[in-house]
Amino acid sequence: MNAPGKVSSTKRATNVSLRSDLIDEAKKLGINISEACEQGLEKEVARSRREVWLEQNREAIEAANAWVEKHGLPLARYRQF
């Protein structure tokens with residue numbers, strides 16, 4: 001069973017170049033290098049996707065922010081805080 005947020009996918013071997021001192025330290029600490037690389041790559045992919053999404057939607061976000069700036073929040077009068 002997959003952990004929440006994890007996508008089941010086939011693994012594929014690949015070559016990466018990493019600093020030798022970092023590899024040695026990771027091995028001493030019992031770190032699974034493949035898993036650590038995968039987690040780091042997942043974070044970087046998510047960050048890049050976010051940047052792309054923000055750029056693709058920049059105009060709409062700016063327009064929405066400008067509308068709120070001019071008119072206020074649409075349901076602000078119902079806020080209880």
Side-chain angles (χ1 to χ4, degrees):
M1 179 174 230
N2 292 330
K6 292 285 184 179
V7 175
S8 178
S9 182
T10 306
K11 300 250 181 177
R12 183 173 76 195
T14 187
N15 293 323
V16 296
S17 297
L18 303 169
R19 291 186 356 232
S20 60
D21 62 322
L22 197 56
I23 293 170
D24 294 341
E25 188 70 17
K27 286 182 180 181
K28 285 180 191 174
L29 294 169
I31 295 171
N32 180 320
I33 296 170
S34 293
E35 183 65 26
C37 288
E38 187 173 313
Q39 289 174 2
L41 186 56
E42 280 180 325
K43 288 179 185 177
E44 187 63 20
V45 165
R47 186 194 64 73
S48 288
R49 282 182 175 166
R50 180 181 186 276
E51 284 183 8
V52 167
W53 185 90
L54 286 171
E55 182 55 34
Q56 289 174 340
N57 293 282
R58 182 178 46 81
E59 288 181 24
I61 293 167
E62 288 173 355
N65 288 339
W67 189 94
V68 170
E69 200 53 45
K70 182 176 180 181
H71 302 286
L73 292 172
L75 301 175
R77 64 181 168 191
Y78 300 109
R79 292 175 80 173
Q80 297 182 12
F81 55 91

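Quick note: numbers below take in every heavy atom, side chains included, and nothing from hydrogens, waters or symmetry partners. Model, not experiment: these values are computed from the prediction.
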Using atom types as modelled, flag every donor-acceptor pair under 3.5 Å from a side chain in residues 64-81 to any protein atom, sequence neighbours excluded.
residue	atom	partner	partner atom	Å
N65	ND2	I61	O	3.4

Please tabulate, for side-chain N and O atoms in residues 13-34, each donor-acceptor pair with protein atoms closer than 3.5 Å (sequence neighbours left out).
residue	atom	partner	partner atom	Å
R19	NE	D21	OD1	3.1
R19	NH2	D21	OD2	3.3
N32	OD1	S34	N	3.1
N32	OD1	E35	N	2.9

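- Heavy atoms of other residues, nucleotides or ligands lying less than 6.0 angstrom from CD of E62 number more than 12.
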